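Order of the sequence lines sets the chain letters (A, B, ...), proteins ahead of strands, with each chain counted from 1. Quantities reported herein were computed from a predicted structural model and do not represent experimental measurements.
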Amino acid sequence: MSEQNELIKRRLEELEEIKKLGINPYPHRFDVTTDSKSIIDGFTDPENDEEKEKQKKVVVSVAGRIMAIRKMGKATFCHIKDETGRIQIYIRKDDVGDESYSVFRLLDIGDIIGVSGYPFRTKTGEVSVHALSYQLLTKSVQPLPVVKEEVTEAGEKIVYDAFADVELRYRQRYIDLIVNENVKNTFIKRTKIIQSIKRTLESNSFFEVETPTLQTIYGGANAKPFVTHHNALDIDLYLRISNELYLKRLIVGGFNRVYEFVRDFRNEGIDRTHNPEFTQVEWYQAYGDYYDSMNMFEEVVEKACIDIHGASKIMYGETELDFKRPWKRIRMTEAIENKLGIDIMKMKKDEIINYMNTNGINFDPKISHSKGLLIANLFEESCEEDLIQPVFVYDFPIDTTPLCKQLREYSLSDLEEMKKNPEQVIFAERFEPYIYKWEMGNSYTELNDPVLQRSLLEQQVERGRGGEEETHPLDEDFINAIEVGMPPTTGVGLGVDRLVMLLTDSQSIRDVIFFPLMRPV
RNA sequence: GGGACCGUAGCUCAGGGGUAGAGCAUCUGCCUUUUAAGCAGAGGGUCGGUGGUUCGAUCCCACCCGGUCUCACCA
């Protein structure tokens, strides 16, 4: 506020003038008896003069921010905005008195006022409050973008000079929320979606828990972590990339069904569907398998959609999405066969590499050692784009994760043979739900064989040393927990931000996060 | 990180080698049922930053800063 432009200077002068008049521009409280929506919804037009006079006796008090002022000499119209909407205020010199009326010239768009008066309908048909008195509640000294609205006869709202600069909107979300009507609705829906997910989980006996954000060792996902430092202990700590390993410890500890909404932090690129910190809900269910998780997942999402929209069908941009249960389920290998017409199981590793090269399908040479990773890569590159309607893609090559059980149909002796043959891909009971080409989550029949668990995690550490990025360091205490014994368990992670995007028709993750990360100015 | 595009008044935008325009907002005056209120007048800008080319740069060039989209990365 040191570099004052004319508008701010003017407002600060007004502030001083108000103080000189003995008016506190920042009083401590105001008795609000109603809100704009209740006034408008509750208004009934008087049928005769007697009734009209009666209505004048019913005084209400509302408070809100001034969004528009129309001065007409000895009368002024303004619109104030509260949590429930906008309402017009009619202030007349005769009613509020000369002194009070003259103070109004010191008020601006952006100031917050409280008004006491009676509801009436103006000549032009708008339900308004005829002020008997008003009080300044907060003087604003920053000029607010002035957004004008016109309501056509058809009832359509036309917005002029919308506050549209995306950068400013994100950096100063409080202004965005004040002047852009839909922004607030999106965030209200976000909270309702989260509440709905919690209700569904709670009604299925899942128990809400809290686990550490600051972790001495990170794991549970393949991602680069943020590093920070604890001074007293003089150790580096990681901001969690996932809470998976902690929730499994709680399953070991005897909680059979747990869930947690967590902020995960991943030190990666930013784009339309990625923010460095994002929200996931993970839930774990003892004695269940990944089919149980599919059922829960589709229930959670379908109910969230119905809670928000009243139906399972929504539009996302130009695309209609239907979340109605049950969702389609397809094996990864089937998805590849359907799309490309190749039976990936019959192809040798080199044939797959060859196929990808000749068809211009990108893959990271670092994964060429693993037929399983190549298959997963081929799937992502060629099939993802077609997955518009909700679908569970299941049975992933085991190389894609060290935390998941292999398929139940393998006998123990089969597995011994398969492991010896690098052309033999072992699949794991993992699925990912896809909606609108996006991975909406991740789920396993969780691995609880401590010997295999240790061996898979150690292999991953080795691969990390071999140059593959984003693998886990070894979490000995987690293995210890699995050694103590985790019952058969299934777990799910659901990307909350992306679900909110879909259900609010938002085109960027930044539209569903109040304060997305921005480079400092 | 690569590419394309953008950055001009508080907000939304136009302009373009001779140091800037509009609407809204602001200020002054008139107006006691207006509503994108109206009418008359006024003020407001290091044209993102730093260099360069030029007699002269907001405009051309380079670099930098910030952003948007996109590709890569990211399950």
Discussion item. Starting the side chain at C-beta, find the nucleotide from G10(B), U35(B), U33(B) nearest to Leu7(A).
Written reply: G10(B)

Worksheet entry | Proximal nucleotide (of A25(B), U32(B), A37(B)) relative to the Ala75(A) side chain | U32(B)

Do the side-chain N or O atoms of [X] get closer than 4.0 angstrom to the phosphate oxygens (OP1, OP2) of [N]?
X: Arg171(A); N: G67(B); result: yes
X: Arg519(A); N: G67(B); result: yes
X: Lys148(A); N: G23(B); result: no
X: Arg70(A); N: U34(B); result: no

So what does [X] hit on the nucleic acid, given a heavy-atom distance under 4.0 Å: a base, only sugar-phosphate, or nothing?
X: Phe396(A); result: nothing
X: Asp165(A); result: sugar-phosphate
X: Ala376(A); result: nothing
X: Arg169(A); result: nothing
X: Glu126(A); result: base
X: Leu168(A); result: sugar-phosphate
X: Glu14(A); result: sugar-phosphate
X: Phe163(A); result: sugar-phosphate
X: Arg10(A); result: sugar-phosphate

Worksheet item: Paired with G1(B) by Watson-Crick or G-U wobble geometry, both distances under 3.5 Å: which nucleotide is it?
Response: C71(B)

Worksheet item: For atom C1', what is the distance between G51(B) and U46(B), given to the nearest Å?
Response: 16 Å

Discussion item. I'd like to know if Glu126(A) pairs up with Arg121(A) as an ion pair, taking the criterion as any Lys NZ or Arg NE/NH1/NH2 lying under 4.0 Å from an Asp or Glu carboxylate oxygen.
Written reply: no

Worksheet item: Are any non-hydrogen side-chain atoms of Glu181(A) and Val147(A) less than 4.5 angstrom apart?
Response: no

